[in-house]
Amino acid sequence: MPQTFAPVKGATIERYGPGERASNLQAGDFILTHGSDFFGNLIRLGQALRFHGEDRKYTYWNHAALIVDEQGSLIEALSQGVCETNISHYTPAEYHLVRLGSTATDEDRAEAVRFARSAVGDKYGWLTITNIGLRLLTGGKLAFEVDGQFICSGLVARAMERTRAIFNRNTEGIMPADLAKYYQVEPPPPGTPKGKALPAIAC
């Protein structure tokens, strides 16, 4: 059985451990997960430059993906581009499911999914992630984005803007830790088994 946390901003957070799979999925919700590969660790390191003190815990998360139907189809920005996958890809790993609840109407959810589907086939935002890294290292505020490119959390954040989410920075600068902080997704206790997602699929 999933661990369910108190609603925050109308949302409900559920944790699923390795081998567990969420049910009763609803389009427009999203997942946050934690990978321990080189790129995932690099994202966590970069996030640690922005998040300090009590907020440092949110850097645990380094990937996000949007649920687009009741069968668990996901749209996510992976290194090979924006792909449609399935939540079963993450069954061997730990992930947290953010159920939007009253923070999104059916119309909001449909608009979020339409936006995400329109991005399928777009490239991964390597320039965007480089820009975020430079801003974190130098303290600069100059931001840019490239049309037709997304990072995982930026894609989810832009979809969430179709609901009632209002972020404190441009969505191209939203990182997984930002989503976790906004929805108050608490990391599991130290030593909790994380498992490992299946290898990335080809788009």
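For the single chain, residues carry numbers from 1 onward in sequence order. In this text, all values refer to a predicted model and were calculated from it rather than measured experimentally.
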Any chance you could lay out the salt bridge (charged side-chain N to carboxylate O under 4.0 Å, His left out) test for Glu161 and Arg158, step after step, and finish with the verdict?
-> CA-CA 5 Å; Glu161 286 189 317; Arg158 288 192 64 183; 5.2 Å; no

State which residues pass salt bridge (Lys or Arg N to Asp or Glu O under 4.0 Å) with Lys57; sequence neighbours excluded, sorted by chain then number.
-> Glu54, Glu186

Reported CG-to-CG distance for the pair Asp108 and Leu100, which is rounded to 0.5 angstrom = 9.0 Å

Would you list the pairs meeting salt bridge (Lys or Arg N to Asp or Glu O under 4.0 Å) in which at least one residue belongs to residues 96-106, sequence neighbours left out?
-> Glu14-Arg99

Looking only at non-hydrogen atoms, find the nearest pair between Ile151 and Ala77 and report the distance.
-> C-CB, 3.6 Å

What distance separates Leu66 CG from Ser73 OG, expressed to the nearest 0.5 Å?
-> 11.0 Å

Closest approach of Val113 to Gly28 (non-hydrogen atoms, all atoms of both residues) | CG2-N, 4.0 Å

State, to 0.1 Å, how close Leu179 and Ala64 come at their nearest heavy-atom pair, and which atoms those are.
-> CD1-CB, 3.8 Å

Residues in side-chain contact (heavy atoms from CB on, under 4.5 Å) with Thr91, at least two apart?
-> Arg21, Ser88

Indicate the atoms forming the closest heavy-atom contact of Ala11 with Val98, along with that distance.
-> CB-CG1, 4.3 Å

Using side-chain contact (heavy atoms from CB on, under 4.5 Å) as the criterion, list what pairs up with Ala119, not counting sequence neighbours.
-> Val82, Asp122, Phe150, Leu155

Please assess Arg117 against Glu84 for the test salt bridge (charged side-chain N to carboxylate O under 4.0 Å, His left out), listing each intermediate value before the final yes or no.
-> CA-CA 8 Å; Arg117 289 195 183 282; Glu84 184 163 346; 3.0 Å; yes

I would like to know whether Leu74 and Tyr90 meet side chain to side chain contact (heavy atoms under 4.5 Å, CB included); could you show each step before the answer?
-> CA-CA 11 Å; Leu74 301 176; Tyr90 294 99; 3.7 Å; yes

Any idea which heavy atoms bring Thr163 and Ala104 closest together, and the distance?
-> CG2-CB, 3.8 Å

Rounded distance [0.5 Å steps], OG1 in Thr33 versus CD in Glu76 | 9.5 Å

Which atom of Tyr60 lies closest to which atom of Glu94, heavy atoms considered | OH-OE1, 2.5 Å

Rounded to the nearest 0.5 angstrom, the NE2-CG distance for His63 and Leu32 is 9.5 Å

Supply the atom-to-atom distance Lys181 NZ to Phe167 CZ, rounded to the nearest 0.5 angstrom.
-> 13.0 Å

Output, in order, the C-alpha distance, side-chain angles, deciding distance and verdict of side chain to side chain contact (heavy atoms under 4.5 Å, CB included) for Met160 and Ile174.
-> CA-CA 11 Å; Met160 291 302 97; Ile174 294 292; over 6 Å; no

Looking at CZ of Phe30 and OG of Ser153, how far apart are the two atoms once the value is rounded to the nearest 0.5 Å?
-> 10.0 Å

Set of salt bridge (Lys or Arg N to Asp or Glu O under 4.0 Å) partners for Arg164, sequence neighbours left out | none

Residue set satisfying salt bridge (Lys or Arg N to Asp or Glu O under 4.0 Å) with Asp69, at least two apart, ordered chain then number -> none

Set of residues satisfying salt bridge (Lys or Arg N to Asp or Glu O under 4.0 Å) with respect to Asp29, sequence neighbours excluded = Arg109

Classify the angle between the aromatic ring planes of His96 and Trp61 as parallel (below 30°), tilted (30 to 60°) or perpendicular (above 60°).
-> perpendicular

Mind checking side-chain contact (heavy atoms from CB on, under 4.5 Å) for Pro92 and listing every partner two or more places apart, or none if nothing turns up?
-> Leu198

Sequence neighbours excluded, which residues qualify as ring-ring contact (aromatic ring centres under 6.0 Å, His included) partners of Tyr58?
-> none

For Leu97, which of Ile13, Val185, Ile67 qualifies under side chain to side chain contact (heavy atoms under 4.5 Å, CB included)?
-> Ile67

Considering residues at least two apart in sequence or located in another chain, which fulfil the ring-ring contact (aromatic ring centres under 6.0 Å, His included) criterion with Phe51?
-> none

Ala112: what forms a side-chain contact (heavy atoms from CB on, under 4.5 Å) with it, not counting sequence neighbours?
-> Ala159, Arg162

Which pairs count as salt bridge (Lys or Arg N to Asp or Glu O under 4.0 Å) when at least one residue sits in residues 187-196, sequence neighbours excluded?
-> none

